[in-house]
Amino acid sequence: MASKSFMIFTVTLQMKGIAQYLDATFPEFDTPIRLHVNGCPNQCGQQAIADIGLAGALVRRDGQMVDAFDVSISGGLGANAKFNRKIVLKVPGEQVQHTIANIVRSYLDKRLPDESFREYANRIDDDELKAYLQQAAAV
């Protein structure tokens, strides 16, 4: 089992890569989205209250266990506080940035005027978002 320091380091590197990818993919994006990443099951990264939360997981690929993430949306504190809901399970680590980018694209394509990401995430149906993500992944 990895040490807590190693998990924090690994998650920090993963998050940095995701942030750089999203900045490059959406250079004009100016809507705040809280993205929390957690590499352990103890909620240290508070992914359950994030707009987009990533919880570390493992998945078997080609006979090897590889890092993966369960992706959740629509969490938050304050008015209408709630935990987010899982949308996609066990996305391999090297693909998670693309899944997040497709969630952001869905928001950009389907949002209402002046709608925040959290409002959008609370409004969109899980099946509709999953279908969008599957279609986007196939392209």
Side-chain angles (χ1 to χ4, degrees):
M1 175 178 261
S3 71
K4 185 174 182 179
S5 297
F6 180 74
M7 284 189 288
I8 291 169
F9 178 73
T10 301
V11 168
T12 301
L13 286 178
Q14 184 78 28
M15 188 62 200
K16 184 177 179 181
I18 291 168
Q20 289 172 340
Y21 177 79
L22 293 173
D23 285 343
T25 304
F26 303 102
E28 303 297 320
F29 192 80
D30 62 355
T31 303
I33 295 179
R34 291 176 309 109
L35 177 64
H36 294 199
V37 181
N38 192 14
C40 70
N42 297 324
Q43 289 285 334
C44 302
Q46 301 178 349
Q47 81 273 5
I49 58 169
D51 292 322
I52 300 175
L54 303 176
L58 292 172
V59 65
R60 186 174 299 280
R61 292 287 166 136
D62 301 322
Q64 301 290 322
M65 296 303 289
V66 298
D67 291 336
F69 293 94
D70 293 339
V71 181
S72 302
I73 65 167
S74 77
L77 297 175
N80 302 315
K82 69 175 194 167
F83 291 131
N84 55 23
R85 63 190 196 273
K86 289 184 181 177
I87 297 297
V88 186
L89 301 177
K90 299 189 189 278
V91 177
E94 71 274 359
Q95 295 173 5
V96 76
Q97 63 193 16
H98 303 291
T99 298
I100 296 168
N102 287 332
I103 290 171
V104 172
R105 278 189 195 93
S106 172
Y107 166 64
L108 292 172
D109 289 349
K110 298 172 183 257
R111 69 180 169 178
L112 301 174
D114 299 321
E115 185 174 44
S116 70
F117 181 84
R118 185 171 178 202
E119 291 166 334
Y120 165 77
N122 285 322
R123 178 178 58 81
I124 192 164
D125 177 77
D126 288 1
D127 291 334
E128 180 182 357
L129 181 56
K130 288 176 186 179
Y132 185 96
L133 294 175
Q134 288 176 347
Q135 180 183 19
V139 174

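Just so it is clear, the structure is predicted and the values come from calculations on it, not from any experiment.
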request  = Report the distance from atom OG of S74 to atom CG of N80, rounding to the nearest 0.5 Å.
outcome  = 11.5 Å
request  = Can you measure from CG (D67) to CG (L58) and round to the nearest 0.5 angstrom?
outcome  = 6.0 Å
request  = Report yes or no: do L77 and F83 belong to one cluster of Ile/Leu/Val/Met/Phe/Trp/Tyr joined by side chain heavy-atom distances under 4.5 Å?
outcome  = yes
request  = Examine V59 and V91 and state if one hydrophobic cluster contains both, with Ile, Leu, Val, Met, Phe, Trp and Tyr joined whenever side-chain heavy atoms are less than 4.5 Å apart.
outcome  = no
inquiry  = Donor-acceptor pair, distance only, cut-off 3.5 Å: does the side chain of Q95 make one with the backbone of P92?
reply    = no
inquiry  = I'd like to know if I103 and L108 are part of one continuous hydrophobic network [Ile/Leu/Val/Met/Phe/Trp/Tyr, side-chain heavy atoms within less than 4.5 Å].
reply    = yes
ask   = Roughly how far apart are K130 NZ and S106 OG, rounded to 0.5 Å?
value = 13.5 Å
task = Taking all heavy atoms of Q47 and all of A55, pick out the closest pair and write down the distance.
result = NE2-CB, 3.4 Å
note = Given the options N122, L129, I33, D51, I73 meets side chain to side chain contact (heavy atoms under 4.5 Å, CB included) only with L129
ask   = Would a distance-only check, ignoring hydrogens and angles, find a side-chain to backbone donor-acceptor pair under 3.5 Å from Y107 to A121?
value = no
message = Is there a side-chain contact between N84 and I49 in this structure, where contact means two heavy atoms from C-beta onward sitting under 4.5 Å apart?
response = no
query = Between F29 and Y132, is there a shared hydrophobic cluster once you connect ILVMFWY residues whose side-chain heavy atoms come closer than 4.5 Å?
reply = no
request  = Sequence neighbours left out, what passes salt bridge (charged side-chain N to carboxylate O under 4.0 Å, His left out) with R85? Give chain and number order.
outcome  = D126
ask   = Just by modelled atom types, is the L89 backbone N or O under 3.5 Å from a matching donor or acceptor in the D70 side chain?
value = no
query = Which heavy atom of L35 sits nearest a heavy atom of M15, and at what distance?
reply = CD2-CE, 3.3 Å
ask   = Would V66 end up clustered with I18 when hydrophobic side chains under 4.5 Å apart are linked, directly or stepwise?
value = no
